[in-house]
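Heads up, the thing below is written out as structure tokens.
Residue numbers count from 1 along this sequence.
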Amino acid sequence: MMARPLDYSRWDHIEVSDDEDETHPNVDTQSLFRWRHQARVERMEEQKKERQDLERGSVDTKRKLEEARKKLEDLSACAEAETKEEVEAQVLKLQMEMSELQKQEKEWKQKEEELTKKEKLTPWNVDTLSKDKWEKTVINKKPAKKADPTEDEKEEMQRTFVEKNEKLCKKFGMFKKYDDSMQFLGDHPELVCDECANYLAIWCINLQVEEKTALMEQVAHQTIIMQYILELAKSLDADPRACVKPFFSRIKTADKQYTDAFTDELESFKVRVRGRAEARIERAMKEAEEEERQKRLGPGGLDPVEVFESLPQVLKDCFEKQDIPMLQKAITELPEEDARYHMKRCVDSGLWVPNANDKPPEEKPAEEEEEVYEKVPDDDVD
């Protein structure tokens, strides 16, 4: 079996050393050699940087794609804890994000193939004929992110932000045109942050509590705009302020799928706002009822309304008619244990205030009750 002949074609295009060519007598030979070498080194550095940028971009895209897949899996796992509308909106949003990342990944692969082909066609030279086998490309990692702020720190940050920017936040919440919103955020980049989104969301709930539904829906639209900008920045790992114009450029020319996702997220947000507003109103009513209940508690700490509702019907009739003889008779007709139980509860709640003669009083205002307690029958007077 004949040995396969060696392929010497790779040696056909080798750049000679910078100082091996003959030059014209009138040309400064040393200067020419230095220029040649400098130009070749710059080309090599540029090609090396292109390779590093390509590898960095490819790795970053793969990382984001993997994070998006994980988010989608986590969302499917906790679907039972979310409403159907919320899940569908978030799934659609993640799918769109993954589609864009897959497109970017494909573009990076294509660029890598083109660069590899370009590198193969680049002639060898004296600097590349021998290469340190230990040489490798190292992509610097980003500096570690600061630790997430504590809840107390977040509250302080939110309070400070609102004190400085509340008027600007309210002004942004009233814009209806995309161009006006983009211009305003461009003039006030300090608003592009989580604190602004939080303020707008809370403002929506307050407006719904006040039954200002139309104004709530307007502010809700601006709230979703802010949240979309922040999500875009997070997905691109970029400064949110740099994502203002890209978001508005996209939303103004977006296809139906993107605008539908935006509308679905807006409607879901409105539903959540209404739910939070109803819960707040219900909580406020309960607190008011409890405060009123505390005010009317009797000397023994019992609520007269609750005690009255627990009395036998015959005793209820006595208190409703404010008939003391009828009340005395009803108590004597009850079993002794039941009578003591109900009498004690009436005293502890203030329904029954014993007088000097231990007679049950009428359920009257304090002024009238004092007269009843101090009244003495005529036949007892000598």
Side-chain angles (χ1 to χ4, degrees), residues 71-72 74-94 148-176 181 191-231 234 260-297 301-306 309:
K71 287 181 182 179
L72 190 59
D74 294 342
L75 184 62
S76 301
C78 65
E80 296 180 357
E82 302 283 349
T83 64
K84 182 179 179 181
E85 292 79 6
E86 290 175 333
V87 172
E88 290 177 350
Q90 294 181 46
V91 168
L92 180 57
K93 183 178 177 182
L94 285 172
D148 294 334
T150 64
E151 291 301 321
D152 291 340
E153 292 173 340
K154 288 181 181 179
E155 290 180 5
E156 179 62 24
M157 291 167 60
Q158 184 70 35
R159 184 187 63 79
T160 303
F161 174 84
V162 172
E163 288 178 354
K164 293 181 179 179
N165 304 290
E166 184 173 15
K167 291 183 179 180
L168 292 176
C169 290
K170 286 189 173 182
K171 190 171 182 179
F172 172 73
M174 304 305 293
F175 287 118
K176 295 184 178 180
S181 296
L191 297 184
V192 188
C193 60
D194 290 326
E195 287 77 17
C196 182
N198 294 338
Y199 176 83
L200 294 174
I202 294 172
W203 188 19
C204 287
I205 298 174
N206 293 337
L207 291 172
Q208 184 62 30
V209 170
E210 298 170 5
E211 297 184 353
K212 298 179 180 179
T213 305
L215 185 54
M216 180 277 288
E217 293 180 348
Q218 161 62 31
V219 178
H221 182 269
Q222 297 300 94
T223 305
I224 297 303
I225 285 179
M226 184 61 67
Q227 291 181 352
Y228 256 63
I229 293 173
L230 296 175
E231 285 297 322
K234 189 182 297 183
D260 285 349
F262 182 89
T263 302
D264 290 343
E265 181 62 29
L266 175 59
E267 294 303 319
S268 298
F269 178 72
K270 292 178 185 177
V271 171
R272 293 194 295 272
V273 167
R274 295 188 184 99
R276 292 286 298 277
E278 290 175 1
R280 183 185 292 183
I281 293 172
E282 183 179 354
R283 184 170 61 253
M285 292 178 63
K286 288 183 178 179
E287 290 175 355
E289 290 176 358
E290 180 61 24
E291 183 178 355
E292 184 64 27
R293 177 179 175 276
Q294 291 294 328
K295 289 180 181 180
R296 65 174 182 252
L297 292 181
L302 297 183
D303 184 356
V305 175
E306 295 177 359
E309 293 297 328

Quick one: pull up [atom1] in [X] and [atom2] in [Y] and give me the separation to the nearest 0.5 Å.
| X | Y | atom1 | atom2 | result |
| --- | --- | --- | --- | --- |
| K167 | N165 | NZ | CG | 12.0 Å |
| N198 | C193 | CG | SG | 8.5 Å |
| M157 | T150 | CE | OG1 | 10.0 Å |
| D303 | E309 | CG | CD | 10.0 Å |
| K270 | M216 | NZ | CE | 7.0 Å |
| Q227 | L230 | CD | CG | 7.5 Å |

Find out whether T223 and F172 are in side-chain contact, i.e. whether some heavy atom of one side chain is under 4.5 Å from a heavy atom of the other.
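A side-chain contact under 4.5 Å is absent here.
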Short question: side chain of Q218, backbone of F175 - any donor-acceptor pair under 3.5 Å?
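Side chain of Q218 to backbone of F175: a pair is present.
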Tell me whether Q158 contacts the main-chain N or O of E195 through its side chain, where contact means a donor paired with an acceptor under 3.5 Å.
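Judged by distance alone, yes, a pair lies under 3.5 Å.
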Locate the shortest heavy-atom distance separating L200 from Q222; write the atom from each residue and the value.
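Nearest heavy atoms, L200 then Q222: CD1-O, 4.2 Å.
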Over all atoms of both residues, closest heavy-atom pair of A220 and C204
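Looking at all heavy atoms of both residues, the shortest contact is N-SG, 3.5 Å.
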Can we call the ring centroids of H221 and F262 under 6.0 Å apart?
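Yes, ring centres under 6.0 Å apart.
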For Y199 and W203, take the angle between the two ring planes, folded into 0 to 90°, and tell me which bin it lands in: parallel under 30, tilted 30 to 60, perpendicular over 60.
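It falls in the tilted class, 30° to 60°.
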So among V273, L215, T213, which one has a side chain to side chain contact (heavy atoms under 4.5 Å, CB included) with L207?
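In the set V273, L215, T213, the residue that makes a side chain to side chain contact (heavy atoms under 4.5 Å, CB included) with L207 is L215.
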Inspect the surroundings of CD in E163 and state if more than 12 heavy atoms from other residues, nucleotides or ligands are less than 6.0 Å away.
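Yes, enclosed.
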Any ion pair linking [Y] and [X] (charged N to carboxylate O, less than 4.0 Å)?
| X | Y | value |
| --- | --- | --- |
| E155 | R159 | no |
| R274 | E267 | no |
| E287 | R280 | no |

Can K176 and E217 be said to form a salt bridge (charged side-chain N to carboxylate O under 4.0 Å, His left out), step by step?
CA-CA 11 Å; K176 295 184 178 180; E217 293 180 348; over 6 Å; no
